[in-house]
S.K.: 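Below is the structure I would like to discuss, written out as structure tokens.
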Amino acid sequence: MSEPFALIHNSRSRRNGVEDGSFRKRAARALGPHFFHSTSRTLLPEAVAELARREVGVIAVDGGDGTVSDVMSAIHRFYPADALPALAVLPSGNTNLIAADVGFGLRGRAALERLTVMARAGTLRSTVARRDALAIRWSDSTRPVALGMFHGAAAFTKGVRIAHRPAILNRFSHDIAVAVAIASSLGRLMFRSTRRKWLAGNPVTLAVGAEAPRTMDCFLFMATTLRCLPRGMWPFAARQGADDGAGLAYLNVRAFPERLLAATWASLRGETPAWLDSAPAYERGRADCLSLRIDGSFVLDGEIWDSGPDGRTILTAGPRFDFIRGA
């Protein structure tokens with residue numbers, strides 16, 4: 001039995017933006033009203049709302065992490081909680097961390113053809129990976145919940161701002177841009193004029209689960225619901241057990257951390273040295289809920305967000321999505 005699917009195509013995404021438009025025309029002919037061409041983030045909620053009205057159960061997202069995050073947020077808003085659609089992520093953006101873990105494996109014409117074959121055979125959901133979304137709520141309850149899968153703050157936000165500079169973003173793929181940002185960030189630690197400012201971090205109040213809040217100076221904070229990152233990187237605690245993907249993995253690096261270069265090198269290689277687990281400056285763990293208060297912006301899936309007037313956000317795991325694997 002055939003199963004329809006929809007495709008949301010973000011023409012602003014890095015790889016889509018350099019194409020000649022032939023894929024967009026092909027997809028429009030093949031999918032008709034189930035093809036949505038987005039030229040602005042503000043158009044995505046309207047497209048998802050229409051798909052919810054049609055009860056479409058599979059959505060392919062052709063874009064980067066920011067596009068996937070926007071689509072997931074709109075799904076949370078418009079779809080019933082017990083009838084969330086499955087997602088097929090086609091990596092075409094500046095950042096593709098989500099696709100590195102749960103991507104469809106194909107993009108462009110090859111992805112469209114494969115999805116069409118699977119839809120006709122009724123096998124779109126035959127192979128899926130299940131992951132929790134990372135939900136962010138502000139103290140202002142009227143502000144819509146934002147869903148994503150990778151959160152970063154403090155030095156991470158500073159590094160992303162560097163990576164987003166046109167001199168870097170327009171010349172390099174984002175994986176390389178992030179590497180340049182890391183190198184630039186670490187390079188600033190070599191100069192007395194910037195070292196202390198960067199290492200001093202940002203004042204942060206953190207509560208893990210039901211624990212009492214703790215206030216500290218934070219050099220770097222990250223959290224994710226992904227199970228892997230590109231090129232083997234993994235700065236979080238060692239993964240154990242079959243269901244270790246549930247909840248939020250988080251890393252809190254306090255100001256003036258010891259052996260920072262060694263910790264960074266180990267994280268980039270996906271290693272977990274014993275000394276890192278016992279170092280007091282590096283707090284790593286897993287939780288279903290994190291309460292974070294920070295003076296400044298944070299990053300969700302490559303996009304910079306404000307933390308609100310009081311700087312307080314709540315990070316939780318869920319809802320859980322099915323991600324279709326095609327290759």
Side-chain angles (χ1 to χ4, degrees), residues 95 97 134 136 148 150-165 168 177-208 211-224 226 229 233-238 248-287 290-308 311-315:
T95 56
L97 298 182
L134 189 161
I136 297 181
F150 196 97
H151 173 285
F156 189 87
T157 303
K158 297 175 184 176
V160 168
R161 289 190 190 278
I162 294 172
H164 281 185
R165 292 176 180 174
I168 295 176
V178 169
V180 172
I182 293 173
S184 299
S185 301
L186 295 178
R188 280 162 169 74
L189 303 181
M190 300 177 64
F191 300 97
R192 183 175 299 179
S193 61
T194 54
R195 181 192 306 129
R196 186 168 188 84
K197 180 179 179 180
W198 275 65
L199 289 176
N202 298 74
V204 167
T205 300
L206 172 67
V208 179
E211 295 179 1
R214 296 168 285 132
T215 299
M216 68 207 78
D217 290 326
C218 172
F219 170 68
L220 172 71
F221 183 87
M222 295 190 295
T224 188
L226 298 171
L229 297 175
M233 294 185 294
W234 191 254
F236 306 99
L248 302 166
Y250 71 93
L251 166 68
N252 177 38
V253 182
R254 299 199 178 203
F256 300 103
E258 64 269 27
R259 302 180 66 179
L260 177 59
L261 292 179
T264 301
W265 179 244
S267 297
L268 292 175
R269 293 161 59 90
E271 298 176 350
T272 308
W275 69 264
L276 191 58
D277 287 328
S278 59
Y282 300 90
E283 177 187 353
R284 305 188 297 174
R286 191 173 290 278
L290 298 167
S291 176
L292 189 67
R293 183 170 184 171
I294 185 168
D295 181 18
S297 302
F298 64 89
V299 176
L300 178 64
D301 291 338
E303 302 292 337
I304 297 176
W305 295 69
D306 73 272
S307 54
R312 184 171 181 265
T313 53
I314 304 294
L315 284 61

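The first residue in the sequence is number 1, and the count goes up from there.
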S.K.: Once you round to the nearest 0.5 Å, how far does OG of Ser297 lie from CG of Asp306?
M.R.: 6.5 Å
S.K.: Could you measure the distance from the CZ atom of Arg214 to the CZ atom of Arg254? Nearest 0.5 Å is fine.
M.R.: 6.0 Å
S.K.: I'd like to check Leu260 versus Leu199 (side-chain heavy atoms, cut-off strictly below 4.5 Å). Are they in contact?
M.R.: yes
S.K.: Does the side chain of Phe156 reach to within under 4.5 Å of the side chain of His151, using non-hydrogen atoms?
M.R.: no
S.K.: Between Leu315 and Tyr250, does a side-chain contact (heavy atoms from CB on, under 4.5 Å) hold up when you go through it step by step?
M.R.: CA-CA 11 Å; Leu315 284 61; Tyr250 71 93; over 6 Å; no
S.K.: Please name the pair of heavy atoms, one in Ser307 and one in Ile294, separated by the smallest distance, quoted to 0.1 Å.
M.R.: OG-O, 3.3 Å
S.K.: Do you know which two heavy atoms are closest between Asn202 and Asp295, and how far apart they sit?
M.R.: ND2-O, 3.7 Å
S.K.: Check whether any side-chain heavy atom of Glu211 lies under 4.5 Å from a side-chain heavy atom of Leu206, and answer yes or no.
M.R.: no
S.K.: With heavy-atom distances below 4.5 Å as the criterion, would you say the side chains of Phe236 and Arg286 are in contact?
M.R.: no
S.K.: Passes side-chain contact (heavy atoms from CB on, under 4.5 Å), Trp265 versus Glu271? Steps please.
M.R.: CA-CA 9 Å; Trp265 179 244; Glu271 298 176 350; 5.5 Å; no
S.K.: List the atom of Ala237, the atom of Gly285, and the distance in Å for their closest heavy-atom pair.
M.R.: CB-N, 4.5 Å
S.K.: Which pair of non-hydrogen atoms, one from Phe219 and one from Ala154, has the smallest distance, and what is that distance?
M.R.: O-CB, 3.3 Å
S.K.: Let me see the working for Thr215 and Val204 under side-chain contact (heavy atoms from CB on, under 4.5 Å), right down to the final yes or no.
M.R.: CA-CA 6 Å; Thr215 299; Val204 167; over 6 Å; no
S.K.: Hey, what's the ring geometry for Tyr282 with Trp275, parallel, tilted or perpendicular (30° and 60° as the breaks)?
M.R.: perpendicular
S.K.: Is the shortest heavy-atom distance from the side chain of Cys218 to the side chain of Asn252 under 4.5 Å?
M.R.: yes
S.K.: So, for Gly148 and Asp301, which heavy atoms are closest and what is the spacing to 0.1 Å?
M.R.: CA-OD2, 3.0 Å
S.K.: Output the distance between atom CG (Leu300) and atom CD1 (Ile136), rounded to the nearest 0.5 Å.
M.R.: 4.5 Å
S.K.: Taking atom CE of Met216 and atom OG1 of Thr205, what is their separation to the nearest 0.5 Å?
M.R.: 7.5 Å
S.K.: With a 6.0 Å cut-off (strictly less than), is the heavy-atom count around CZ of Arg293, excluding the residue itself, greater than 12?
M.R.: no
S.K.: List the atom of Glu258, the atom of Ala281, and the distance in Å for their closest heavy-atom pair.
M.R.: OE1-CB, 3.2 Å
S.K.: Give me the one residue out of Leu292, Leu251, Thr157 that meets side chain to side chain contact (heavy atoms under 4.5 Å, CB included) with Phe221.
M.R.: Leu292
